[in-house]
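Beneath this line is the structure, given in structure tokens, with notes to follow.
Counting starts at 1 for both ligands and their atoms, in listed order.
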Amino acid sequence: MIIAIDGPAASGKGTLGKRLAAHFGLRHLDTGLIYRAVAKSVLDAGGRPDDVAAAVAAAQALDPAGFDETALKTPAVGEAASLVSAIPAVRTALLAFQRDFAAKPPGAVLDGRDIGTIICPDADVKIYVTATPEVRARRRAAEYRAQGKAIDEAGVLADIRKRDERDQNRAAAPLRQAPDAHLLDTTHLDIDAAMRAAIDIVEATRAGRGRD
Ligand code: DC
């Protein structure tokens with residue numbers, strides 16, 4: 001089984017992806033980490049994330065086995081990832097790895113921006129996870145505070161709006177809800193309630209009980 005989860009920054013799709021994979025005994029790939037790793041590699045080499053040649057070279061040299069999640073999940077790397085991910089040749093360089101990951105038995109949960117539309121258009125279940133920008137900013141700020149980082153929630157909200165705008169309006173694989181994706185709005189749900197709703201979607205789809 002392949003489960004495709006897409007949604008904007010800080011919508012909760014990563015946590016849901018991880019938990020759904022554990023629940024259904026599937027492998028999990030947070031595809032945002034791939035774009036973050038490309039961006040970090042460009043930044044670490046002193047380059048700019050909108051430098052096409054540098055970003056494509058970093059994507060081609062990527063070693064997905066060596067991700068350091070903590071180092072990748074910073075606001076600066078997220079912003080740079082949004083820039084490198086708008087480069088079509090970067091996306092092309094990362095496509096086969098994602099499709100191969102999804103195809104290996106027993107299947108996988110992939111979360112990102114274009115999983116249901118481009119990477120796995122034939123996924124068994126597609127979920128589009130969203131929440132208002134304000135709620136996403138509050139959650140992201142709480143995560144940073146829990147890590148002991150001083151954070152300004154208004155700044156986090158401004159970053160989220162900027163990334164939404166860029167991720168939704170780029171020409172290459174923009175963030176979109178696939179026509180056959182189930183919408184899961186987590187604005188008023190905590191993670192346990194969101195997880196129950198996601199499991200219901202997967203089970204209803206598997207049982208062939210129609211799509212909403
Ligand atoms: O989900 P995230 O915040 O870790 O993603 C970081 C950036 O990577 C995001 O702004 C857009 C990009 N991305 C993408 O273009 N396609 C994906 N499948 C996943 C992430």
Side-chain angles (χ1 to χ4, degrees), residues 2-18 20-21 28-43 49-50 52 55-56 58-59 62 64 67-102 108-121 123 126-131 133 135-137 139-144 147 151 155-178 181 184 186:
I2 296 176
I3 302 177
I5 306 182
D6 290 301
S11 55
K13 61 188 186 309
T15 308
L16 275 179
K18 205 175 280 177
L20 278 178
H28 173 236
L29 181 63
D30 171 351
T31 63
L33 286 180
I34 305 176
Y35 292 94
R36 286 171 179 265
V38 171
K40 186 164 187 303
S41 149
V42 171
L43 295 176
D50 58 355
V52 174
V56 173
L62 191 75
F67 288 159
D68 172 355
E69 245 187 91
T70 313
L72 295 177
K73 291 215 158 168
T74 67
V77 174
E79 172 65 15
S82 177
L83 287 167
V84 299
S85 67
I87 300 170
V90 166
R91 307 197 71 86
T92 305
L94 302 172
L95 189 73
F97 168 73
Q98 295 173 80
R99 287 198 177 144
D100 288 350
F101 187 96
V109 180
L110 281 79
D111 66 79
R113 302 290 189 291
D114 63 340
I115 308 304
T117 51
I118 309 276
I119 306 293
C120 301
K126 298 181 187 179
I127 305 177
Y128 188 85
V129 186
T130 192
V135 164
R136 289 186 278 130
R139 289 180 190 155
R140 191 43 59 92
E143 268 169 40
Y144 289 139
Q147 293 165 12
I151 210 82
V156 176
L157 177 58
D159 283 352
I160 280 184
R161 287 192 195 282
K162 189 158 83 176
R163 278 179 55 197
D164 282 0
E165 158 77 17
R166 193 184 294 129
D167 296 346
Q168 285 164 0
N169 295 311
R170 68 186 179 206
L175 171 64
R176 293 260 187 286
Q177 180 179 352
L184 177 51
T186 67

Requested in this report: Assess the side chains of R170 and S85: does a donor N or O sit below 3.5 Å from an acceptor N or O?
Outcome: yes
Report summary line: Sorted by chain and residue number, the residues with a non-hydrogen atom under 4.0 Å of ligand 1 are K13, T31, G32, Y35, R36, A81, S82, S85, R91, G112, R113, D114, R163, D167, R170
Query raised in the report: Any sub-3.5 Å donor-acceptor pair from D6's side-chain atoms to Y128's backbone N or O?
Result: no
Query raised in the report: Please walk me through it: do T15 and R139 pass side-chain hydrogen bond (donor to acceptor under 3.5 Å, both in side chains)?
Result: CA-CA 12 Å; T15 308; R139 289 180 190 155; over 6 Å; no
Query raised in the report: Does a donor on one side chain and an acceptor on the other come within less than 3.5 Å for R166 and S82?
Result: yes
**Report entry** Gap separating the CG atom of D50 from the CG atom of L83, nearest 0.5 angstrom
**Finding:** 6.0 Å
Query raised in the report: So, D111 side chain and I5 main chain: donor-acceptor pair closer than 3.5 Å or not?
Result: no
